[in-house]
Amino acid sequence: MTSLAIIQLVLFLLVALFSPFLTPPKRNQWLLLLVLIVNTGISAVLLLHIESSGPITLLLGGHQRGLGIELLIDAFSVLFTLFLGALGSVVQIYALGFMKTHIPKTQHTAYSGLMAILFFAIFGLLYTNDLFNTYVLIEILSIATVALISIVRKKRNFMAALRYLLISELASLSVLFGIALIYMVTGTLNMTLIYEAMPRAFANYPINVTLALGFMGMGLAIKTAIFPFHEWLPDAYTSAPSSSSAILSALVSKAYMVVLIKILFRVFGSAIIEQLGAQWVMITLAAVAMIVGSLFALGQTSFKRMLAYSSVAQVGYLLLALSLLSRAGLEAMLFYMISHALIKGTLFLVAGSFSTQHIKDSLKALSGVAYVAPFTALVLGVGAFGMVGIPGTSGFIAKFHLAMALGDASRWGFVALIMLSSILNAIYFFPVIINSIVKQTGTVPLKRDHLPISMVLSMSVLLIAIVTLGFSPSLVLPYIEAAVTAIGF
Amino acid sequence: MNNRLLHTIVKMLLPVIIVYGIFIVLHGHLTPGGGFSGGAILGTALVLYGLAFGQDASLKIFPESVSKYLESGGVLAIVVIGLVGLFVGGYFLSNAATGVPLGTPGDLLSGGIIPLLMIAIGLKVGSTLMTLFNALLEDE
């Protein structure tokens, strides 16, 4: 029972290792899907186990705490492995149909292998309770991401991948530097032990701790594309094949967010952050990102690029919730992460379906699209409603919780900011929906292309998930509360 | 590439480099070095051969399919050994519980599964170096 988490990680590793041995590349895709579903199931079992008998601490190799690597399997990490595993399975189902037309045949083996390594790194990042291990997994994750961006061998993919590689290596080094500074003052890399030693270390070496927080925060700000550090994101999301973009925006950026939460609350602790005033830095960055990201999105002519800039704005919302440093804020943030991963993942899948149906990736080409691709246009509509925060979608509940949390902290100015940013969202999403229904003759080819059944299936599942969460958020709220308790609030 | 001097010297050097690489891999649990460094040395020997005699010659003695299988196989061996440890001893990569004799510390045949892991890493690193070398030459 206790080593199930190890089995999850090993299963992903085995998929990656077996990929060159399985000759028709199709089998690799099915194997990856099977492993994703099995691992999601294992996460569900672990979640039930934790509910009844508390968190599991796994000391690898049986070394005592502080000497070896420790995995912490609690309500927080398992909630996210369960959610990200399930979402990953749905996107993988989509990829079964999507790959045939959008990824060169020679790269199919590499795609499943890289995807397996990416999931290995994400699950590892969620479970690990060791700072250096976190760094290693961040490196594995960024290399896998870079390779996934450049899997379509075109010039603009190579450009985007190289750009992301250089920027994200800088970020990894920044994180490593922060870890080194923490190791210098606490003498350990285990997060729990560091948390215990932190108050004394902060009293004796305040400059070291401040610098460490700065370096790690800076590194993760680049990785999660918080506003001034978002330069790599639009190119990367736009040029990657849509199933990869969905994985990047829905899973990878959320994994880094989880690392940020872990580092803030499990390594430094909210008392030190408050004392250093770091929450004001976060608030400033969040407010700027929410407005500027939306303004950038307004000016785009490409649908995927618009989605990419909207991600920049959404990271601002997450950061705003995080900056409250309160239980309510963190609950709002976790729900927002789940909701945003679902909606943005769906919208990138929609972009992929349009390109499968030979509709160009430009906002102009989308006019009248509902007549050619009615199902895809329906999903687009619901996804866009979710992004804006129309009641009935998970996006509304997420924004509502965030506004409530802000109201509790009596930061009414930021509630107004959320409304302003939502209006901006509406300004760039609604024309897309209206355009898709209003037919302009001569702009759309009138033949219908049918989507592969796997793509329809995965988009329907996501559609149902968005609407279900919009009507009964109580399905996940108890687990989120348990997760926030596990973080230490 | 018809340089007689180069060919002769590489032919003289190769056995020495390969034996040194194998030595480093096998003494991984006793001396500084180990699977990674030893594997890198073995890989360098292959790269040197490729540089001196051309890529075609090096692909003839070490084709890409071999390096592909060795790369995956090396890590696969580690995972399998680790899983044996998990099921027999309760921890991933547990050593003594797997039943591989531990021997006297300091002997060549000692350390349980560690020498096996070193050999697996050595194969993986050596073949990866060769794959990288080939990939760099191909993409011109």
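Note that this is a predicted model, so its numbers are computed, not measured. Naming convention: chains lettered A, B, ... in sequence-line order (proteins, then strands); numbering from 1 in each chain.
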Atom group of Val75(B) that falls short of 4.5 Å from chain A, counting heavy atoms: both

Under 4.5 Å from a heavy atom of chain B, the part of Ile7(A) involved: side chain

Heavy atoms from other residues, nucleotides or ligands near CG of Leu102(B) exceed 12 (cutoff 6.0 Å): yes

Within residues 124-133 of chain A, residues adjacent to chain B where the heavy-atom gap is under 4.5 Å: none

Tyr91(B), OH atom: more than 12 neighbouring heavy atoms under 6.0 Å: no

Any side-chain donor near an acceptor of the partner, Gln8(A) and Ser43(A), under 3.5 Å: yes

Under 3.5 Å side-chain donor-acceptor pair for Ser243(A) and Tyr111(A): yes

Close side-chain approach of Leu193(A) and Arg65(A), heavy atoms under 4.5 Å: yes

Parallel, tilted or perpendicular, as decided by the 30° and 60° cut-offs, for the rings of Phe12(A) and Phe119(A): parallel

Residues Asp235(A) and Arg163(A) bridged, charged N to O under 4.0 Å: yes

Sorted by number, residues from residues 19-26 of chain B in contact with chain A (heavy atoms, under 4.5 Å): none

Residues Thr131(B) and Glu64(B): side-chain donor-acceptor under 3.5 angstrom: no

Contacting moiety of Leu76(B), where chain A heavy atoms sit under 4.5 Å: both

